[in-house]
Amino acid sequence: MNEYLHIALVLVVGFVSLFLMTKFLGKSQISQITPFDFISAIVLGELVGNALYDENTGIGQMLFSVALWTILIFTTETITQKYRKSRRFLEGDFSMVIKKGKIDYQELKKNHMDLNQLQELLRAKDIFSIRECEYAFLETNGSISALKKAPFAHPTIDDLKMKYPKVHIPINLILDGEILEENLGNIGWDKEHLFSELEKKGFKDEKDVLFAEWKKEEGLYVQSY
């Protein structure tokens, strides 16, 4: 029984400490996963795993390791923010794998990428033929940024000489059958008005609604389960 309590305690403490670490380091650690960040995740997983199954590694050692690793990552991020020249060394740099419509084979080799992998990344950017691509950059997190050739680029509003439409943010009113009352107040509605609009859509109870969204000039959109 003590063994199970130890495992539960280590998992809870590990969960809380890693959660606090991600909050402290910021969202960029999650949204921009570089090779270094990937290694960091493995190391942190090992720290918690060792505390679970290694009798010589306790909660104190785990917390010390997580804290020290957090300080190291934070120090690295601080250096890259203050000193621009350090970014290339610490974070890496992008690689131009397609330049003026031509594949740079040497850049592909340097990044250990083959043509199939390049094509796969391009397809994710709605480019199904290399002939459509003018420039492509392999970013430090492994994703690709691409610029299409002019004949294949989507026209903009300026190109079509159209008037600019007004931009409005859609507001969630119901999620998973639960009314978001704070959002009702943001658009000047109350529950009575919401139910009135739901009845027009054929709904009598918010519990029957999976998702309801309101957008100015477009009104209420409702989807059932």
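If you read the sequence from its start, that first residue is 1, and numbering goes on from there. A quick note: this is a predicted structure, and the numbers were derived from the prediction, not measured. What's counted below: heavy atoms across the whole structure, side chains too, no hydrogens, waters or symmetry copies.
- Clustering of Ile, Leu, Val, Met, Phe, Trp and Tyr by side-chain heavy atoms under 4.5 Å joins Ile169 with none of the others.
- In the model, Asp158 has a side-chain atom that pairs as donor or acceptor with a side-chain atom of Tyr164 under 3.5 Å.
- By the side-chain contact (heavy atoms from CB on, under 4.5 Å) test, Glu213 is found to be paired with Pro170, Asn172, Phe211, residues two or more places apart in sequence or in another chain being considered.
- Remark: Lys216 NZ is loosely packed, at most 12 non-hydrogen atoms of other residues, nucleotides or ligands lying under 6.0 Å away.
- For the pair Glu107/Met113, no side-chain contact is recorded, criterion being any heavy-atom separation below 4.5 Å from C-beta on.
- Checking side-chain atoms of Thr78 against main-chain N and O of Phe74 turns up a donor-acceptor pair under 3.5 Å.
- Between the Ser95 side chain and the Val97 main chain, no donor and acceptor come within less than 3.5 Å of each other.
- Between the side chains of Ser224 and Asp208, not a single donor N or O lies within less than 3.5 Å of an accepting N or O.
- Interatomic distance, Glu199 CD to Lys204 NZ, rounded to the nearest 0.5 Å: 8.0 Å.
- Between the NZ atom in Lys207 and the OH atom in Tyr225 there is a gap of 8.0 Å [rounded to 0.5 Å].
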Verdict with reasoning, Lys149 to Cys133, per side-chain contact (heavy atoms from CB on, under 4.5 Å): CA-CA 5 Å; Lys149 293 180 179 178; Cys133 185; 6.0 Å; no

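- When atom types are taken as modelled, the side chain of Lys110 and the backbone of Tyr105 share no donor-acceptor pair closer than 3.5 angstrom.
- Contact record, Tyr135 with Met96: CD2-SD, 4.0 Å, taken as the closest heavy-atom pair.
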Criterion salt bridge (charged side-chain N to carboxylate O under 4.0 Å, His left out) on Glu120 and Arg123, from CA distance to verdict: CA-CA 5 Å; Glu120 180 181 349; Arg123 285 194 294 269; 5.4 Å; no

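- Within a 6.0 Å radius of CD in Glu192, no more than 12 heavy atoms belonging to other residues, nucleotides or ligands are found.
- The only member of Leu173, Asp190, Ile174 that meets side chain to side chain contact (heavy atoms under 4.5 Å, CB included) when paired with Leu184 is Leu173.
- Leu118 and Phe137 end up in different hydrophobic clusters when Ile, Leu, Val, Met, Phe, Trp and Tyr side chains are linked at under 4.5 Å.
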side-chain contact (heavy atoms from CB on, under 4.5 Å) evaluation trace for Glu134 with Lys148: CA-CA 5 Å; Glu134 185 74 8; Lys148 290 184 177 181; over 6 Å; no

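- Under the 4.5 Å side-chain heavy-atom criterion for ILVMFWY residues, a single connected hydrophobic cluster contains both Leu115 and Leu122.
- Under the rule for a side-chain contact (heavy atoms from CB on, under 4.5 Å), the partners of Lys200 that lie at least two apart in sequence or sit in another chain are Ser196, Glu197.
- Closest approach of Gln117 to His112, counting heavy atoms only: OE1-O, 3.8 Å.
- Put simply, the side chain of Glu178 does not reach to within 4.5 Å of the side chain of Asp176, judged on heavy atoms.
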